[in-house]
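Below: one structure, written as structure tokens.
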Amino acid sequence: MAGAIRVGRLSTGGGGAGVGAGGLRSFFSYRIFVSAMFTLLFLATLSVLFTTNPSTSNQDSILPSTGPHVHGYVHRTFLALKSDPLKTRLDLIHKQANDHIVLVNAYAAYARKLKLENSKQLRVFEDLVRNFSDLILRPSYHALFNVDGPIDEDVLRQFEKEVKDKVKLARQLISEAKESFDNQLKIQKLKDTIFAVNEQLAKAKKQGAFSSLIAAKSIPKSLHCLAMRLVGERIAHPEKYLESDFKPEFEDPSLYHYAIFSDNVIAASVVVNSAAKNADEPWKHVFHVVTDRMNLAAMQVWFKMRPAEGGAHVEVKAVEDYKFLNSSYVPVLRQLESANLQRFYFENRAENATKDANNMKFRNPKYLSMLNHLRFYLPEMYPKLHRVLFLDDDVVVQKDLTGLWKIDMDGKVNGAVETCFGSFHRYAQYMNFSHPLIREKFNPKACAWAYGMNFFDLDAWRREKCTEQYHYWQTLNENRTLWKLGTLPPGLITFYSTTKPLDKSWHVLGLGYNPSISTDEIKNAAVVHFNGNMKPWLDIAMNQFRHLWTKYVDYEMEFVQMCNFGL
């Protein structure tokens, strides 16, 4: 055809009429031929589209780009143009519902394996699966899957809304249940909870220890009232309470002498009253009560108004009456003048109160009070005596104690009941054995003993120069590097090799903190000791032991009644 065209064009140059007409006819013949060919191709294509059967095989889902199967792709494209979009939407909603039914069933199956705490979740999952199934099988919605004609769009929209609501609920339940089914998540949550609870526990312990310390060391209103009433009586009638003349019994070494150091009037009276009442010969017993200047008048009035039973003798003096107790001689008084020590004890800072719950009590200034440290100066306070029984003001005497004066002390200074059992109450618990001097001089496994009822041989004390030993160690401990404070550690050091163990029945401890002490043990004890924070004159005292103390309180005394003590 191309050749024909070129020939036609060349022949026009010859200029003949016949030749021009022949070229024109050739051109129009070519146009007709091309049109006819395109028409036949179009008809053939339509014939193929309308006569080829649709295929549902897996091969029809593949869309080839070349080759003899192009007609399959064209056929599916044509069908897609004819398909109902609501049908596709219905299929997607149905698939979403089925997927969540499977997911909820999986959680329900796992919940069946867990313990009873997940039984509620199991019921919720099973109800949710049932709701999904009931929704799909509802006649109005089930017909959507079986209809041959067009789908009702309103029904489909309602079905979609309900399915989405159920899906939203399922996802919410699964999200809430994940913590129960995910073990790693549960473990982490438990760790976080344990950490938070431990922090709360530590905080509560500090606050509890601080509150307990306040309750134990504060003066109850009734005791304050009693002291004020007694002082008021002294001011109102000074002639009745002139300082007593010296009695020879106070220095008679043939009598039984007790040392009681206290600023608590009612507590000191109970010690004297219980010891005198249980003594076989109370007139042979002498009680040396030492207090501070502030409570001296109250103590003097009490024992003047209520003298000890059976003719027992009571001497009341103040610390200030012993002139040798000054800062040039006593290390504790000298240390109290230290600015560093004053800042440690008396600076009003919140962190000082609760920084260390275990050692908080050692920050109490009472541990540097001379009333506590007087026990190291007994030979100088009572130079004419040979033996003295030291009693704390929180003890109750239940038996005659004269048997202690008959004990052979074997040359020892201090007679005391040992408190160690197992690994408890050994020297290592009271002193700093990381210090080379402590480590060199003492055995960390040595058995500790109790202060509260101590029988001292003053002659042996003077011979062993125990007060000088105490001064040496107390001076070294000015910065609290050897022990934390209190009088027991320096006592353990001072009488390290000069203590004679006494039978445990002489002295039973723990009534101020240990509720499990046996009744028989208490009944057989000569002295019971309310050591600990739960003192018997406080509201926090343990009721099962309190009657042992209250039966020696003089409730008939008018000022005790006026102050409502014990109510």
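Predicted model only: the values in this text are computed from it and were never measured. Numbers for residues simply follow the sequence, beginning at 1. Any value given below was found using the heavy atoms of this structure, including those in side chains, with hydrogens, waters and symmetry copies removed.
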Name of the residue among Leu404, Leu401, Val508, Leu509 meeting side-chain contact (heavy atoms from CB on, under 4.5 Å) with Val527 | Leu401
When Lys535 is tested against each of Leu511, Ile540, Asp394 for side-chain contact (heavy atoms from CB on, under 4.5 Å), which residue passes?
->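 The single option meeting the side-chain contact (heavy atoms from CB on, under 4.5 Å) with Lys535 is Asp394.
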Plane angle bin for Trp461 and Phe495 - parallel if under 30°, tilted between 30 and 60°, otherwise perpendicular = perpendicular
How are the rings of Tyr322 and Phe324 set to each other: parallel, tilted or perpendicular (split at 30° and 60°)?
->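 Tyr322 vs Phe324 ring planes: perpendicular.
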Tyr470-His373 side chain donor-acceptor pair, cut-off 3.5 Å = yes
Do we see a donor-acceptor contact under 3.5 Å between the side chains of Glu380 and Tyr329?
-> yes
Taking all heavy atoms of Tyr377 and all of Pro331, pick out the closest pair and write down the distance.
-> OH-CD, 3.8 Å
Identify whether NZ of Lys or CZ of Arg in Arg375 sits under 6.0 Å from the centre of the six-membered ring of Tyr451 and within 45° of that ring's axis.
->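 Yes, a cation-pi geometry holds between Arg375 and Tyr451.
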Heavy atoms from other residues, nucleotides or ligands near OH of Tyr555 exceed 12 (cutoff 6.0 Å) = yes
Is the count of non-hydrogen atoms from other residues, nucleotides or ligands lying under 6.0 Å from Ile219 atom CD1 greater than 12?
-> no
Is the backbone N or O of Ser434 less than 3.5 Å from a side-chain atom of Arg439, with the two atoms forming a donor-acceptor pair by type?
->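 The answer is yes, because a donor-acceptor pair under 3.5 Å joins these two groups.
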Name every donor-acceptor pair, under 3.5 Å, that has one atom in a side chain of residues 381-393 and the other anywhere in the protein, sequence neighbours excluded.
from, atom 1, to, atom 2, distance (Å)
Lys384, NZ, Glu251, OE1, 3.2
His386, ND1, Asp459, OD1, 3.4
His386, ND1, Asp459, OD2, 3.0
Arg387, NH1, Trp405, O, 3.1
Arg387, NH1, Ile407, O, 3.4
Asp393, OD2, Ser262, OG, 2.7

